[in-house]
Amino acid sequence: MTNLANSILKELHPPLLKNLLRKEINELPDYDPGADPDTVAHISGITDVIKLSNNENPYGTSPLAYAAMAQLLDGNLGLYPDPFGIKLCHALAQQLGVDHTRIILGNGSENILELLCQTFVSEGDLVLTQQPCFGLHEIFPKMMGGRLTKIRLTPSFENDTTTWHEALDHHPAMVMISNPCNPTGTFFTIDQLIEMINYSSPQTIWVLDEAYYEYAINDPSYPNGLEILQSCHRPWIVLRTFSKAYGLAGLRIGYGVACNPDFIAALHRVRTPYNVNTVAQTAAYAALSDTNHVHNTVQATIAERHRITTVLHDAGFQIAPSVTNFIFIDTQHCALQVSQELQSRGVIIKPWREPGYDTFIRMSIGLPSHNDRCIDALLDVTLRMK
Ligand SMILES: *Cc1c(COP(=O)(O)O)cnc(C)c1O
């Protein structure tokens, strides 16, 4: 984390303020946004720092999106954005084959995760997620006073359906999972997902976070959540984003597709009225039409993932079988220490901190030259730590 971010977060903890905070906020874990490249460059003295910590698209944003934004910036940004993002919702509706009233935009899909918890999670409600899990799947339910239970993956990164059944027997208010899973890159199979949903109480809300859908769908056994949930007779929402394969992380825009318009209407009630800015709406609309850009960058990333997975396997590392644009690597050493050593060599990855996974790092698949530098540094660092 940057020094600045550190000092901002610390401001939350003076004892006086502590008494004023809701107890949920007092106990809330901080989200780890990863190290800042400028700070790492400053400390390490290395000018060309590479950032493989946030699963961004290394090939960047579609040129069509830049063209659309350029046009916009010649015009008038003095007006508020479309509060419902109708134009983009219609384009998404057409592409996905659902009515536009079942779609909501968010200031990043994380915004919708937050809205879902604000809308549906009451104090004491049971929420299920995975372990290891995406930080916000823990933070947002807890922020609302939810009781979070994390279901562990097996040591070979499989989903343990027996443990899931036992947890589902307690009738959770919500199941919030990423499929494929961040940080492992693995996924619930079609059969597992259908079986679990059918086993769950009819009142349980299913939140399927498909931030890496565009990468995963290239694997024939990956379940398209939207297709599976259509016929499940449970309340549900599928979340996708423009931050990863579409290369628009800096603009903050994602979307959700839900079981019916009422579900979406409830979220609209809770969100701030102009939560998705005009530039993001315009760029996402253009990026959506550039199927070539998404296709080419996804294919290049998958080819790279195969290449570096082989290199790391040959070097003896255990890696979860990923269908995404990142890999989860067991370094067999303290991940935080590995991360610090890598940073001193100008390489930023994400060290994992959850119990049972604190020897793992998550590495985004970047440009080939960046991946090579990361792997060389990793081999060097772990050799020296032996
Ligand atoms: C990256 C990521 C997100 C965040 O997406 P935004 O649209 O940028 O907010 C959400 N969920 C998971 C699992 C992610 O990995």
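In each ligand, atom 1 is the first atom listed, and ligand 1 is the first ligand listed. Predicted, not measured: the structure shown is a model, and the values here were computed from it.
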| field | Criterion side-chain contact (heavy atoms from CB on, under 4.5 Å) on Val98 and Gln230, from CA distance to verdict | value | CA-CA 10 Å; Val98 301; Gln230 293 285 3; 3.9 Å; yes

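- Counting atoms of ligand 1 from 1 in the listed order, those under 4.0 Å from a heavy atom of Gly108 are 6 (P), 7 (O), 9 (O).
- The ligand atoms of ligand 1 that sit less than 4.0 angstrom from a heavy atom of Arg252 are 6 (P), 8 (O), 9 (O).
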| request: Could you give me the CA-CA distance, side-chain angles and deciding distance for Glu138 and Lys150, then say whether salt bridge (charged side-chain N to carboxylate O under 4.0 Å, His left out) is met? | output: CA-CA 9 Å; Glu138 171 167 1; Lys150 294 188 185 181; 2.8 Å; yes

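- With a 4.5 Å cut-off on side-chain heavy atoms, Tyr246 and Thr241 do not count as touching.
- Heavy-atom proximity to atom 14 (C) of ligand 1, evaluated over His137, Lys244, Arg240, is greatest for Lys244.
- Residue Ala211 has at least one heavy-atom neighbour below 4.0 Å for each of these atoms of ligand 1: 2 (C), 11 (N), 12 (C), 14 (C).
- At the top of the distance list for atom 7 (O) of ligand 1, counting protein heavy atoms only, stands Thr241 OG1, 2.5 Å.
- Regarding atom 5 (O) of ligand 1, its nearest protein heavy-atom neighbour is Ser109 OG, 3.1 Å.
- Heavy-atom neighbours of Glu24 CD from other residues, nucleotides or ligands within 6.0 Å: above the threshold of 12.
- Below 4.0 Å from some heavy atom of Asn182 lie the following atoms of ligand 1, by number and element: 13 (C), 14 (C), 15 (O).
- Residue Ser178 has at least one heavy-atom neighbour below 4.0 Å for each of these atoms of ligand 1: 13 (C).
- The distance from ligand 1 to the heavy atoms of Glu110 drops below 4.0 Å at these ligand atoms: 9 (O).
- Ring centers of Phe134 and Phe140: at least 6.0 Å apart, outside the cut-off.
- Residue contacts with ligand 1 for Ser243 involve side-chain atoms from C-beta outward but no N, CA, C or O (heavy atoms, distance under 4.0 Å).
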| Yes or no on side-chain contact (heavy atoms from CB on, under 4.5 Å) for Leu88 and Phe242, after CA distance, side-chain angles and deciding distance? | CA-CA 12 Å; Leu88 178 57; Phe242 286 96; 4.3 Å; yes

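- Surrounding NE2 of His42 are at most 12 heavy atoms belonging to other residues, nucleotides or ligands under 6.0 Å away.
- Using a 4.5 Å heavy-atom threshold, the side chains of Tyr213 and Val238 count as separate.
- When only interatomic distances are considered, the shortest N/O to N/O separation between Tyr212 and ligand 1 falls below 3.5 Å.
- Contact annotation: Asp209 has at least one heavy atom less than 4.0 Å from an atom of ligand 1.
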